[in-house]
Number of protein chains: 2
Amino acid sequence: MTQTSSQEAAAEVSTTAEPATPSRRELNKAATRSSIASAALDLLRSNGSGNFTVEDIAASAGVSRRTFFNYFPSLEAALASVADGFMDHALEQFRLRPADESILESAQAALMALADPMSVAPMAELFSLTQDNRQLARSELEAWEHCTEQIIDAARGRLGTGISELYLHALAGSVISCGKAAMTVWFAEHGPDLSPTSLAVLRQHLIDAMGLLGAGFAPPSDASLHGPAASPSVSTTKDRF
Amino acid sequence: MTQTSSQEAAAEVSTTAEPATPSRRELNKAATRSSIASAALDLLRSNGSGNFTVEDIAASAGVSRRTFFNYFPSLEAALASVADGFMDHALEQFRLRPADESILESAQAALMALADPMSVAPMAELFSLTQDNRQLARSELEAWEHCTEQIIDAARGRLGTGISELYLHALAGSVISCGKAAMTVWFAEHGPDLSPTSLAVLRQHLIDAMGLLGAGFAPPSDASLHGPAASPSVSTTKDRF
DNA sequence: TCACATACTTACACTAAGTGCAAGTTTGCA
DNA sequence: TGCAAACTTGCACTTAGTGTAAGTATGTGA
């Protein structure tokens with residue numbers, strides 16, 4: 001994703017095995033879309049948030065302003081596609097987890113799978129470039145929200161339709177909140193540092209956050225100050241508190 | 001919430017945090033602000049979301065378009081001030097709770113205190129009128145987000161600065177997520193019904209959601225398996241935590 | 001009560017977002 | 001090859017949002 005190439009880069013590939021008919025049209029569309037998105041990210045990098053317009057992005061991507069709006073409903077949406085890619089990747093990982101695993105464990109595993117430089121880098125960069133802009137922050141919130149809904153659907157599919165909607169919504173929302181918390185805290189501590197050490201911290205934060213959730217946020221007098229070091233095993237330690 | 005325009009921040013000059021010195025100017029400003037907000041809400045009611053402009057609101061409130069933007073940065077912000085009021089009220093309740101109470105209990109109590117028609121009605125109406133509009137939904141997300149940050153601050157003040165930031169962020173985010181989940185599910189089930197019965201369900205959902213959180217979302221082999229309608233799952237309301 | 005400073009409102013002008021439409025161009029397919 | 005559908009683009013238009021300067025209301029000190 002977010003390649004720097006423009007439209008003709010994907011032109012010659014016409015016979016690859018892709019899901020659902022990778023026709024010339026679809027390849028062009030995907031290329032254009034990605035070209036717009038990376039033009040937007042480039043401008044965000046070079047100019048800073050709020051200092052460029054849709055027209056700039058369109059010009060930089062080699063399309064008309066009108067075409068930009070055929071692909072994205074707003075400037076923010078073009079940038080948020082980076083976050084969407086990250087979230088989609090995470091959801092994919094989540095869905096690949098065994099169905100008998102607990103939701104919390106699956107979520108933890110899915111998020112951990114993304115704590116590598118390749119996956120996290122664009123997200124971390126977006127995080128840093130986005131901090132000071134209201135509109136962009138809103139779009140990011142929306143991406144998390146969308147992710148929550150996807151988790152709800154996935155969990156409903158896994159736990160059966162008999163499960164209460166409240167349980168689903170509360171669980172999915174909390175899981176996402178904890179993932180978000182881990183990333184927020186990590187970013188606050190390490191900024192855009194993507195070194196192995198830094199990423200290890202991110203992974204630990206993800207583990208800890210899910211651990212806290214699984215432990216019901218037991219008062220921090222006990223081990224939960226450093227997260228449940230032993231197990232991400234969410235399955236009840238004690239039924240109640 | 002944070003949409004409040006920059007001007008009124010310097011309102012209280014003297015020593016007191018009291019609403020002392022309600023000068024003519026401040027009264028006028030408050031009246032104008034509230035007049036704009038309710039004009040916006042009226043138009044949302046009568047025209048439906050997306051079918052009126054800032055100019056309409058300004059005209060309806062008897063001010064110029066420019067003055068509208070002196071009070072609110074956007075149309076959505078004017079409407080979101082309803083949600084802001086609700087959240088601020090909830091935060092106020094939260095801060096009034098005894099400091100030795102657990103965060104979850106405090107949050108539950110604060111939210112419960114708002115499950116009365118007077119407080120919930122505007123929020124529920126906003127919920128219903130907002131459902132189909134992207135921009136408005138975004139503003140609402142932002143309101144929840146702001147509320148989360150406030151909870152983080154309040155919890156930090158209560159638990160001391162030694163507490164881990166991850167714990168604070170994850171806990172506050174989860175608490176808010178559960179509150180949101182309770183309201184979302186309640187609204188999905190009951191729409192804008194504000195009857196005592198309906199509000200009792202909302203209260204129960206708030207209790208249940210916080211209970212689930214406190215129990216670490218223990219696998220739904222227990223009471224949380226109930227269908228959407230009846231889930232008096234957490235009967236142990238009082239002797240928890 | 002009368003200035004005078006300060007805060008608030010407003011009109012005006014301007015940039016940019018977002019949309020509908022119709023004409024031009026590319027691709028898929030028979 | 002030729003036609004239909006999809007895609008792009010320019011154009012015109014409405015609306016959002018902001019800077020500025022001029023006008024109006026309010027508080028204050030003499």
Side-chain angles (χ1 to χ4, degrees), chain A residues 6-8 10-15 18 20-36 39-40 43 47 49-80 133-136 138-139, chain B residues 3-14 20-36 39-40 43 47 49-80 133-136 138-139:
Chain A
S6 57
Q7 278 143 311
E8 56 259 34
E12 42 248 63
V13 186
S14 58
T15 57
E18 287 272 337
T21 323
S23 68
R24 181 69 167 268
R25 263 186 187 143
E26 284 167 9
L27 288 175
N28 284 347
K29 285 196 70 170
T32 301
R33 187 181 176 82
S34 134
S35 159
I36 291 174
L43 281 165
N47 293 17
S49 88
N51 300 324
F52 57 99
T53 71
V54 168
E55 193 146 21
D56 296 333
I57 300 175
S60 171
V63 299
S64 72
R65 200 180 76 98
R66 192 62 184 82
T67 295
F68 174 94
F69 284 111
N70 286 342
Y71 280 87
F72 297 101
S74 68
L75 188 152
E76 294 79 36
L79 288 168
N133 187 296
R134 286 182 57 105
Q135 288 295 110
L136 291 180
R138 259 191 248 184
S139 287
Chain B
Q3 290 93 338
T4 59
S5 146
S6 52
Q7 286 155 331
E8 76 235 49
E12 55 270 48
V13 208
S14 309
T21 331
S23 73
R24 185 68 168 267
R25 270 189 181 139
E26 284 167 12
L27 289 176
N28 284 348
K29 286 198 69 171
T32 302
R33 186 182 174 81
S34 127
S35 155
I36 292 174
L43 281 166
N47 293 18
S49 88
N51 300 324
F52 58 100
T53 70
V54 168
E55 191 146 21
D56 296 333
I57 300 175
S60 171
V63 298
S64 73
R65 200 179 76 96
R66 193 62 184 82
T67 295
F68 174 93
F69 284 111
N70 286 343
Y71 282 87
F72 297 100
S74 68
L75 188 152
E76 295 79 35
L79 289 167
N133 187 297
R134 281 184 60 122
Q135 290 295 109
L136 291 180
R138 259 190 251 185
S139 287

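Please read these numbers as outputs of a predicted model, since none were measured by experiment. We name chains A, B, ... by the order of the sequence lines, and we start the count at 1 in each one.
- At whole-Å resolution of the value, NZ in B/K29 and C1' in C/dT9 are 11 Å apart.
- Taking atom CG on B/N70 and atom C1' on C/dT6, their separation rounds to 15 Å, with Å as the unit.
- One distance of note links CD of A/E55 with OG of A/S64; it measures 10.0 Å at 0.5 Å rounding.
- In this structure, OG in A/S139 is found 8.0 Å from CG in A/L79, a value given to the nearest 0.5 Å.
- If you take CG of B/N51 and P of D/dT14, they are 17 Å apart, rounded to a whole angstrom.
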Distances under 3.5 Å between protein N/O atoms and the N/O atoms of nucleotides 11-17 of chain C, please, pair by pair.
residue	atom	partner	partner atom	Å
C/dA17	OP1	A/V54	N	3.1

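- Once rounded to the nearest 0.5 Å, the distance linking CD1 of B/I57 with CZ of B/F72 reads 9.0 Å.
- When each of B/T67 and A/E76 is assigned the nucleotide of DNA chain C bearing its nearest heavy atom, the one mapping closer to the 5' terminus is B/T67.
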Output one line per pair: protein atom, nucleotide atom from nucleotides 25-28 of chain D, and distance, for all N/O pairs under 3.5 Å.
residue	atom	partner	partner atom	Å
D/dT26	OP1	B/N28	ND2	3.3
D/dT26	O2	B/R25	NH2	2.7
D/dG27	OP1	B/R24	N	2.7
D/dG27	OP1	B/R25	N	3.4

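- Taking CZ from A/F52 and CG from A/L75, the interatomic distance works out to 5.0 Å, rounded to the nearest 0.5 Å.
- Checked against side-chain hydrogen bond (donor to acceptor under 3.5 Å, both in side chains), A/N70 has the following partners two or more places apart in sequence or in another chain: A/R66.
- Note that OG1 of B/T32 is 10.5 Å distant from CG of B/L27, once rounded to the nearest 0.5 Å.
- Minimum interatomic distance between A/A77 and A/P73 (heavy atoms only, all atoms of both residues): CB-CD, 3.7 Å.
- A distance of 11.5 Å separates CZ in A/F68 from OG in A/S60, rounded to the nearest 0.5 Å.
- Rounded to an integer number of Å, the gap from B/R33 CZ to C/dA7 P is 19 Å.
- The CG atom of B/D56 sits 14 Å away from the P atom of D/dT14 (whole-angstrom rounding).
- A/Y71 comes within 4.0 angstrom of the backbone, heavy atoms only, and of no base.
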